[in-house]
Number of protein chains: 2
Amino acid sequence: MIQSTRDNKKRKVGGTAMVTIKDVAKRVNVSPSTVSRVIANSSRISEKTKERVRRAMDELGYHPNLNARSLSNKATQTIGVIMPITAQYSFQNPFFPEVIRGISMKAYQDNYGLYLSTGQKEEEIFEEVKQMVYGGRVDGILLLYSSINDKIMPFLQEKNFPFVLIGRPHNIDENDITFVNNDNVKKTKTLTEYLLLLGHKKIGFISGSLDYVVTIDNLEGYKTALNNANISIREEYIVLEENYQKEIMETGQDAVIELMSLEERPTALVVTDDIMTFGVLSMLGEMGIRVPEDLSIVSSNNVMISELSSPPMTTADINIYDLGYKGVEYLINKIKEPELPEKKLIVPYKLIKRQSCKKI
Amino acid sequence: MIQSTRDNKKRKVGGTAMVTIKDVAKRVNVSPSTVSRVIANSSRISEKTKERVRRAMDELGYHPNLNARSLSNKATQTIGVIMPITAQYSFQNPFFPEVIRGISMKAYQDNYGLYLSTGQKEEEIFEEVKQMVYGGRVDGILLLYSSINDKIMPFLQEKNFPFVLIGRPHNIDENDITFVNNDNVKKTKTLTEYLLLLGHKKIGFISGSLDYVVTIDNLEGYKTALNNANISIREEYIVLEENYQKEIMETGQDAVIELMSLEERPTALVVTDDIMTFGVLSMLGEMGIRVPEDLSIVSSNNVMISELSSPPMTTADINIYDLGYKGVEYLINKIKEPELPEKKLIVPYKLIKRQSCKKI
DNA sequence: TTGTATGCGTTATCAA
DNA sequence: TTGATAACGCATACAA
């Protein structure tokens, strides 16, 4: 009885008690602190004892308890990754797997673990962030999206907790936060200008919700290009999806219906996401509208399967992987040197010309 | 000097010291243990003091330190999610985002966090698993893949550490582990039989590496269907991609070249992954081979964009989301009741007929 | 170069 | 119903 009670004190895996720093210490007849120093590879421990301790650790199968270490260190060596509110849907967008690929890579290289947000609503996610911060679960936070009225960034800022945004801040001075982003304004401007150059004047714009900063930027790029070309902007040519529930490709499909019902149909489309473009293409196919013969399309992101659309789509490669990789690089820097000034990085994009556009 | 030293003892966020259980205790003039009991909502604390303590927690802004709790509890309320070796590539496959969607959902509902593996090689991932287990980082592990010669499962089994496999075990008695899977043999058998029914006799098979159990099962289903139909199996009709480095759609493309170079071309193809099928379709398009007129194709997974291929592909919906959701459900059960017998769940699939097949 | 003592923030045991 | 105390496993300031 007493026995089993005492047993519960010790952490076990598979019935055998975990070996701690003390066990190792006893075995070599040194103090626990010495063992601790050996683990930290302190320069103030003789090579000889280091050797002895290390052998004992091997023999006993010692592995550090990370919770204990975190408690003492006030550091966890893990990064919190915050997915968008619409993760349930947008996770289907290859954008996120791809950022996470970049994130994983850099995190692994620098020996950081990844802790993922799981909430589905804005409020839920905010609670998770608070838990990560107050609970000491992570050393820093990587935000994978930037939306209007976001409460997370102000919170993190006020708490002075290390974080990096993938995207552009909104309602916050750019100099006050570290972020990694594309120049989406310029990107979409270029894309639109490309269409203009091909002789198109009636150009539609299909995108997601204006709650996302990226949408705001894309729209601005589109408008700027038209303005510069002295083409007046027609509100009916701009279709923005507000419904979070809708799958992203559905958005594309519905937008096409809207645009193609117009009396004066556009001859070209700027679509801000490749998956949306897949939806656009499929709907267009159903309607018997040929791309690029009847309608030209430029897209964005250059997700892996983008080249496989029919016709293969012209799109902007935004280097999603780099966004993630650099995001954690900057975050780790911030974690290690909290006092360093905020930095920003604009990751370049590249126009990938394929076969969804035609001269008019 | 001494001051700043002392300062470092206390965990801080944003310059202000974290409030601990002790601070709350002092404020209400109770002992820390009482506060702890209030947090656990122990029935042996009077409602009155509970109320007082709770108010103090609110006023002071108390949040539990999760590392301390984990240390004391020997539990972390987090699940380790192990991605495949080929994560860098396969992460691009919408399969993984979709399982993770299911995983996130259930984890959130049951208040578990997610800790992601980041390693890129078999050995790296194995090390991560050991760290998660020995380091006490997670309470259980969810394996997202099942491969031949895998060392992780035997390890977890030996350590008697809670884990659930999404997929089917190999070299391990099915009764000895808990897993969630599709009946891939039957699935591919059905798919092949569908082709057979349409009159096809020359049926090719395109898939990934036989290192993965899922490939083994798919291949068996294919062979069984042919055998039952008394059609002899031609080795040259079976194209398996062994190269991990290759993108999955590229695999599809290359396989097409191989198959279409054959003197006697197949009239139908069984492809085991929708993204691969995208590759197949694109290459076929380049070659001027029409689907389904010249060649019929069945696929598998029914990933979100599958309906957007041209032609829309006939595929098997394997309920990826459920795989993830049920996976963590079973895992949490195992964590909570380690002594319960192992369970297995076969998630149903469903044939989604679209337009990539034709009677011959 | 090493040991002692203490603290990190909780939970749990035992006593009151 | 509550409090004192020890313990979880590790790291570090200070002493030796």
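Numbered from 1 within each chain, the chains take letters A, B, ... in sequence-line order.
- The stretch residues 21-31 of chain A comes close to DNA chain C through Asn29(A), Val30(A), Ser31(A), each having a heavy atom under 4.0 Å from the strand.
- Residue Thr34(A) has a polar side-chain atom (N or O) positioned under 4.0 Å from OP1 or OP2 of dG3(C).
- If you measure from atom NZ of Lys74(A) to atom C1' of dG9(C), you get 9 Å, rounded to the nearest angstrom.
- Note that the CG atom of Leu331(A) and the NZ atom of Lys334(A) stand 9.0 Å from one another [nearest 0.5 Å].
- Contact annotation for Leu71(A): base contact, defined as any heavy-atom pair under 4.0 Å involving a base atom.
- Within residues 59-69 of chain B, no residue places a heavy atom under 4.0 Å from DNA chain D.
- For the pair Glu123(B) and Lys151(B), the salt-bridge criterion is met [side-chain N within less than 4.0 Å of a carboxylate O].
- Residues Lys48(B) and Glu51(B) are not paired through a salt bridge, judged by the lack of any N-O separation under 4.0 Å between the basic side chain and the carboxylate.
- Side-chain contact, Ser36(A) with Ser33(A): no donor N or O sits under 3.5 Å from an acceptor N or O.
- The residue among Ile45(B) and Val35(A) whose nearest nucleotide of DNA chain D is located toward the 5' end is Ile45(B).
- Spacing between atom CZ of Arg37(B) and atom P of dG3(D) amounts to 8 Å, rounded to whole angstrom units.
- No donor-acceptor contact under 3.5 Å links the side chain of Ser72(A) to the base of dG9(D).
- Within 4.0 Å of Ser33(A), counting heavy atoms only, lies at least one base atom of the nucleic acid.
- Interatomic distance, CZ of Phe179(A) versus CZ of Phe163(A), reported as 11.0 Å (0.5 Å rounding).
- Here Ser46(B) lies in heavy-atom contact (under 4.0 Å) with sugar-phosphate atoms only.
- Remark: the Arg11(B) side chain and the dG7(C) base include no donor-acceptor N/O pair separated by less than 3.5 Å.
- A donor-acceptor contact under 3.5 angstrom links the side chains of Arg54(B) and Asn41(B), judged on distance only.
- Of the inter-residue distances, the one linking Ile152(A) atom CD1 with Asp150(A) atom CG reads 5.0 Å to the nearest 0.5 angstrom.
- Taking CG of Asp322(B) as the start and CD of Glu329(B) as the end, the distance is 10.0 Å to the nearest 0.5 Å.
- Taking the six-membered ring for Trp and thresholds of 30 and 60 degrees, His63(A) and Tyr134(B) have nearly parallel ring planes, at less than 30 degrees apart.
- One interatomic measurement links the two molecules: CE of Met18(A) to P of dC8(D), which rounds to 13 Å at whole-angstrom precision.
- Note on Thr49(B): only backbone sugar-phosphate atoms sit closer than 4.0 angstrom, heavy atoms only; bases stay farther off.
- Between Glu342(B) and Tyr330(B), the side chains place no donor N or O within less than 3.5 Å of an acceptor N or O (distance only, hydrogens not considered).
- Contacts between residues 128-137 of chain B and DNA chain D, defined by a heavy-atom separation below 4.0 Å, involve no residue at all.
- Rounding to the nearest 0.5 Å gives a distance of 6.0 Å between NZ of Lys106(A) and CD1 of Ile332(A).
- For the helix from dT1(C)-dA16(D) to dA16(C)-dT1(D), the terminal axes (five pairs an end, C1' atoms, rotation from four pairs onto the next four) enclose an angle of 40°, given to 10 degrees.
- Applying the salt bridge (charged side-chain N to carboxylate O under 4.0 Å, His left out) test to Lys159(B) and every residue at least two apart in sequence or in another chain returns nothing.
- Taking the nucleotide of DNA chain D with the nearest heavy atom to each of Thr20(A) and Arg44(A), the more 5' of the two is matched to Thr20(A).
- The CD-C1' distance, from Glu47(A) to dT2(C), rounds to 15 Å in whole Å.
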Check: residues 135-143 of chain A side-chain donor-acceptor pairs under 3.5 Å, at least two apart:
unit_1    : atom_1 : unit_2    : atom_2 : d
Arg137(A) : NE     : Tyr115(A) : OH     : 3.1
Arg137(A) : NH2    : Thr76(B)  : O      : 2.7
Asp139(A) : OD1    : Thr76(A)  : N      : 2.7
Asp139(A) : OD1    : Thr76(A)  : OG1    : 2.9
Asp139(A) : OD2    : Thr76(A)  : N      : 3.1
Asp139(A) : OD2    : Gln77(A)  : N      : 2.7

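- The CD1 atom of Ile82(B) lies 6.5 Å from the CD atom of Glu128(B); values are rounded to the nearest 0.5 Å.
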